[in-house]
Amino acid sequence: MTRTRLLIITAVLAVIGVGLDLAMGADPPGYAVTVGLVGCIGIILISKWIGKAWLQRPDPDAVPEDPPVPVPEREGDGDA
Amino acid sequence: MLELLPPAAILLVGALVIAVVPRRVGGALMLALPVLAFAQLLALEPGTSLSASFYGFEVEPLAVDRLSLAFGYVFCIAAFIAGLYGLQVMGTDERVAATMYAGSALGVVLAGDLLSLFVFWEIKAIGSTFLVWARRTEEAGRAGKRYLYMQLAGGKLLLAGILWHIAATGSIEFTAMDPGPAAVLMLLGFLMAAAVPPLHPWLPDAYPQATIAGTVFLSAYTTKASVYALARGFAGYEILVWLGVAMALYGVVYAVLENDIRRLLGYHIISQVGYMVAAVGIGTEMALNGATAHAFAHILYKGLLLMGAGAVLYAVGESLGTRLGGLARKMKAVLTLYMVGAVSISGFPLFSGFVSKELTMEAASLDERALVVILLKIASVGTFLHTGLKLPYMVWFGRDRGLQPRPVPPSMYAAMGAAAVINFAIGVQPWLLYDLLPFPVPYTPYYAEKLVEMSQVLLFTGLGFLLLLKKLAAEPTVSLDTDWFYRDAPFRIAGTVKRLRPERQPGRAGPGVLERFPPLQRAPLAGAKSPVYPTWLLGASILGVSVLILALALIP
């Protein structure tokens, strides 16, 4: 699945989620969507930023066969 | 008289028996002793106590109420499951240490006075240290030594607080503590054992270095005994609310960066204990129920997660994300059982974490602490992100590295299966857990709005994970933590002093910091032994001295 499609699906589901909240009278509507999506992205980005800036050091026990695990390129990456 | 037999004594005496009986009998005892202790707990009614006179003090090594019973039940269940898990892989010394550790933790939660609590507390520190050393690697030797120093430091803070409290009040009763210097010292001791940052680095340092089964035992007792002590003595202390929230988020941040799967889960212990500490800080009946329920569920699902990670380590000999991957088809059963733990800790409806975590959230909500609720909810997102998505992806679904796992012993599957069944049972029948809590629970976790909210949070966390999958790739790094202050800082200071100091006159200047404190020296090369390397002789000596000191202390 391309990132563009993933973004579209996320946006559609977010709209459905907020609509569901409105229908059920949740206060505030979109709370769970925001906590889940923004929380997740925020945790990853902030943690990585803190890690790169201050915390992470090369593992002294790492061996040459320990490169970062490559994530397979997905078709359409970079479309977003 | 037998009805007043302290359940802790069953395990502590049993540990001594395990040391001398054949290995096969020892294995059977590992399973039988927690069952006996559990049966004894069931026979004890709230209000039961056993007291004796000790140097003019009325000590109560056994005092039962609903709070201590709830912790006692789960401690026994954890001892049985972890013992079953390690049935085919634990050595005799490891079994002795594990049983002693479980027994002393049980003693802590059933102690009715501060002196009894302290004695059990220190036995717990010794037993758990031997569990780390039982792996018999150079790294485990050093990590165990650091762990012991930290536990003893916490124990001394606790002792100082107890003595101050006795001097000030003349009482050794362990009840709600009034704020003051004695309470602060005791609180620091308990916070250190609860792994509250910045006093926490012993946990992610030592737990991943312990044996496969040892880590499962370790995850159950030290931090949860501290949560019990905080709930009994420090409920309603406002600072605990914010320390708990900080813990919940701190563990999540470090888990993003972590490459070692057992250390990642270690950071998540800190995060989850944060919920309990925050609940204790809120201090209402609902919140104390939440802290107890979450401790109960956490022991079960964290044990299951660590058993899954341990099974991977056992099968392929690796625990680093950069060296794992592609095991889904080769270890289907372990993956399935691990995922039960993952969805439990993540708070999926129908699993234990949902019914325990929501109790704490509800307590915070009823106490009108909106910010606390939001921050804990975000920490909950991080929990699912790491334990339910990142770790399984790294280990089971990442690139196949051609690892050929060896078969996992049946006892490991049985233990993981038992933990999975209990997690599911609590999830579908919350009253199984709620009926054990210290106060009545006027709350049902299953209603439409809550289910919709939780489902949305989990769904969008999953989508966020997919969107940023590349950023979560495992990296061969380690992360600086507050242990830097005692592991690296002395060397840097010593190095700076050495550079600034003029050339020493031979025979006139004293030795440098490193020379004077050999334990601070790091082994320069692989293969060099730690200053306190675990040997049979050393272990026997320490155990012997410990028993002697305990015996002397008990002679009036």
Side-chain angles (χ1 to χ4, degrees), chain A residues 1 3-7 9-14 16-18 20-21 23-52 54-74 77 80, chain B residues 139 249 252-260 320-325 373-375 377-382 384-386 389-390 393-394 398-399 401 448-449 452-481 484 526:
Chain A
M1 186 187 296
R3 181 168 292 173
T4 310
R5 278 188 200 159
L6 197 55
L7 278 169
I9 291 171
T10 304
V12 171
L13 288 173
I16 294 171
V18 173
L20 198 59
D21 283 353
M24 296 185 77
D27 184 26
Y31 166 71
V33 173
T34 309
V35 167
L37 191 60
V38 178
C40 177
I41 291 172
I43 286 169
I44 295 172
L45 295 181
I46 293 171
S47 304
K48 282 289 180 185
W49 176 70
I50 293 173
K52 297 288 180 205
W54 293 298
L55 303 179
Q56 284 182 298
R57 298 284 184 276
D59 185 348
D61 295 328
V63 289
E65 61 267 28
D66 274 351
V69 177
V71 177
E73 288 292 323
R74 290 172 301 195
D77 266 1
Chain B
E139 280 299 315
L249 294 168
V252 160
V253 168
Y254 269 87
V256 173
L257 309 175
E258 195 48 60
N259 186 27
D260 185 302
L320 295 180
T322 42
R323 299 181 191 174
L324 290 165
V373 173
I374 292 171
L375 292 175
K377 191 69 88 175
I378 289 172
S380 171
V381 165
F384 178 45
L385 173 66
H386 304 309
L389 297 168
K390 176 188 167 182
Y393 178 78
M394 274 198 311
R399 192 184 71 180
R401 292 176 175 275
E449 290 84 355
V452 169
E453 178 194 307
M454 202 63 210
S455 305
Q456 288 191 36
V457 169
L458 294 168
L459 172 66
F460 282 92
T461 303
L463 289 167
F465 167 77
L466 289 175
L467 283 168
L468 293 183
L469 186 55
K470 269 186 178 180
K471 286 201 171 289
L472 285 170
E475 295 175 280
T477 60
V478 291
S479 302
L480 292 182
D481 205 336
W484 180 86

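All figures in this text were calculated on a predicted structure; none of them were measured in a lab. Numbers restart at 1 for each chain; the letters A, B, ... are given by sequence-line order, proteins then strands.
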| field | Contact winner vs chain B - A:Val38, A:Thr34, A:Ile16, A:Leu13, heavy-atom pairs under 4.5 Å | value |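 So the answer, after comparing A:Val38, A:Thr34, A:Ile16, A:Leu13, is A:Leu13.
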
| field | Heavy-atom pairs under 4.5 Å with chain B, option from A:Thr10, A:Ile9, A:Ile41, A:Leu20 with the top count | value |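 Max contact count across the listed options: A:Thr10.
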
First locate atom [atom1] of [X], then atom [atom2] of [Y], and finally report the distance between them rounded to the nearest 0.5 Å.
X        : Y        : atom1 : atom2 : result
A:Lys52  : B:Thr477 : NZ    : OG1   : 6.5 Å
A:Arg57  : B:Leu257 : CZ    : CG    : 11.5 Å
B:Leu467 : A:Cys40  : CG    : SG    : 8.5 Å

Tell me, out of [options], who's got the most heavy-atom pairs with chain A below 4.5 Å.
options                                : answer
B:Leu472, B:Asp481, B:Val252           : B:Leu472
B:Phe465, B:Tyr254, B:Phe384           : B:Tyr254
B:Ser380, B:Ala255, B:Gly464, B:Gly382 : B:Gly464

| Which atom of A:Met24 lies closest to which atom of B:Val452, heavy atoms considered |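 That would be SD-CG2, 3.6 Å.
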
| query | Heavy-atom distance under 4.5 Å to chain A: side chain of B:Leu385, backbone, both or neither? | reply |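 For B:Leu385, side-chain heavy atoms alone lie under 4.5 Å from chain A.
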
| said: Which atoms of B:Ala448 are under 4.5 Å from chain A, going by heavy atoms: the side chain, the backbone, both sets, or neither? | reply: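 Interface part for B:Ala448: both.
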
Using atom types as modelled, flag every donor-acceptor pair under 3.5 Å from a side chain in residues 453-463 of chain B to any protein atom, sequence neighbours excluded.
residue: B:Glu453; atom: OE2; partner: B:Lys377; partner atom: NZ; Å: 2.9
residue: B:Ser455; atom: OG; partner: B:Leu451; partner atom: O; Å: 2.6
residue: B:Gln456; atom: NE2; partner: A:Asp21; partner atom: OD1; Å: 3.2
residue: B:Thr461; atom: OG1; partner: B:Val457; partner atom: O; Å: 2.6

Side-chain donor/acceptor pairs under 3.5 Å, residues 42-49 of chain A, sequence neighbours excluded:
residue: A:Ser47; atom: OG; partner: A:Ile43; partner atom: O; Å: 2.5
residue: A:Lys48; atom: NZ; partner: B:Lys471; partner atom: O; Å: 3.3
residue: A:Lys48; atom: NZ; partner: B:Glu475; partner atom: OE1; Å: 2.8

